[in-house]
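Right, one structure below, let's go through it.
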Amino acid sequence: MPTYITLVNYTQKGIENIKESPARLDKVKKAMKAAGGEFKAFYLTMGHYDMVVVSEAPNDAVYATTMLAIGAAGAVRSETLKAFTEKEYREIIASLP
């Protein structure tokens with residue numbers, strides 16, 4: 001399954017309701033699982049981003065749909081990077097002309 005690294009920041013609404021954040025995270029995990037994906041790792045971070053999430057999903061459309069639904073709730077904004085494993089990286093490099 002494709003891997004995604006998502007960089008997350010709280011919105012004003014999200015930080016105002018910070019105590020609800022763990023329950024929101026549980027809902028997101030359930031939504032990802034229902035879509036056929038999985039949260040592999042979650043980190044609360046210090047710096048430019050508030051959280052970093054590593055996830056897998058069956059495809060880009062499933063992940064995008066899930067992340068759009070999460071964003072529509074208004075508590076967070078996110079930026080997603082599609083990640084390639086070392087094996088995939090080596091295959092990509094080997095396929096270069």
Members besides Met32 in its Ile/Leu/Val/Met/Phe/Trp/Tyr cluster (side-chain heavy atoms under 4.5 Å):
Tyr4, Val8, Tyr10, Ile15, Ile18, Leu25, Val28, Phe39, Phe42, Leu44, Met51, Val53, Tyr63, Met67, Ile70, Val76
The criterion is side chain to side chain donor-acceptor pair (under 3.5 Å); which residues satisfy it with Glu56, sequence neighbours excluded?
none
Sequence neighbours left out, what passes side chain to side chain donor-acceptor pair (under 3.5 Å) with Ser95? Give chain and number order.
none
Under the rule for side chain to side chain donor-acceptor pair (under 3.5 Å), what residues qualify as partners of Lys82, not counting sequence neighbours?
Asp60
One should read off an interatomic distance between Leu68 CG and Ser78 OG, to the nearest 0.5 angstrom, of 8.0 Å
Measuring from atom CG of Leu7 to atom CG of Asp50, what distance do you get when rounded to the nearest 0.5 angstrom?
11.0 Å
Measure the NZ-OG distance between Lys29 and Ser55 for me, rounded to the nearest 0.5 Å.
10.0 Å
What's the shortest heavy-atom distance between Pro58 and Pro2, and which atoms?
O-CD, 3.6 Å
Strictly by ring pair (Phe, Tyr, Trp, His ring centres under 6.0 Å), give each pair with a member in residues 72-97 just once, sequence neighbours left out.
none
Answer yes or no: is there a donor N or O on one side and an acceptor on the other, between the side chain of Thr11 and the main chain of Gly74, under 3.5 Å?
yes
Let me confirm one number: the CG-OG1 distance from Asn9 to Thr45, rounded to the nearest 0.5 Å.
8.0 Å
Of the non-hydrogen atoms in Ala35 and Val62, which two are nearest, and what is the gap between them?
O-CG1, 3.5 Å
Within the supplied structure, the quantity of interest is the number of heavy atoms (other residues, nucleotides, ligands) at a distance under 6.0 Å from Arg24 CZ; does it exceed 12?
yes
Under a single-linkage rule joining Ile, Leu, Val, Met, Phe, Trp and Tyr whose side-chain heavy atoms are separated by less than 4.5 Å, which residues share a cluster with Met1?
none
CG of Leu96 to CD of Glu91, rounded to nearest 0.5 Å, is 12.5 Å
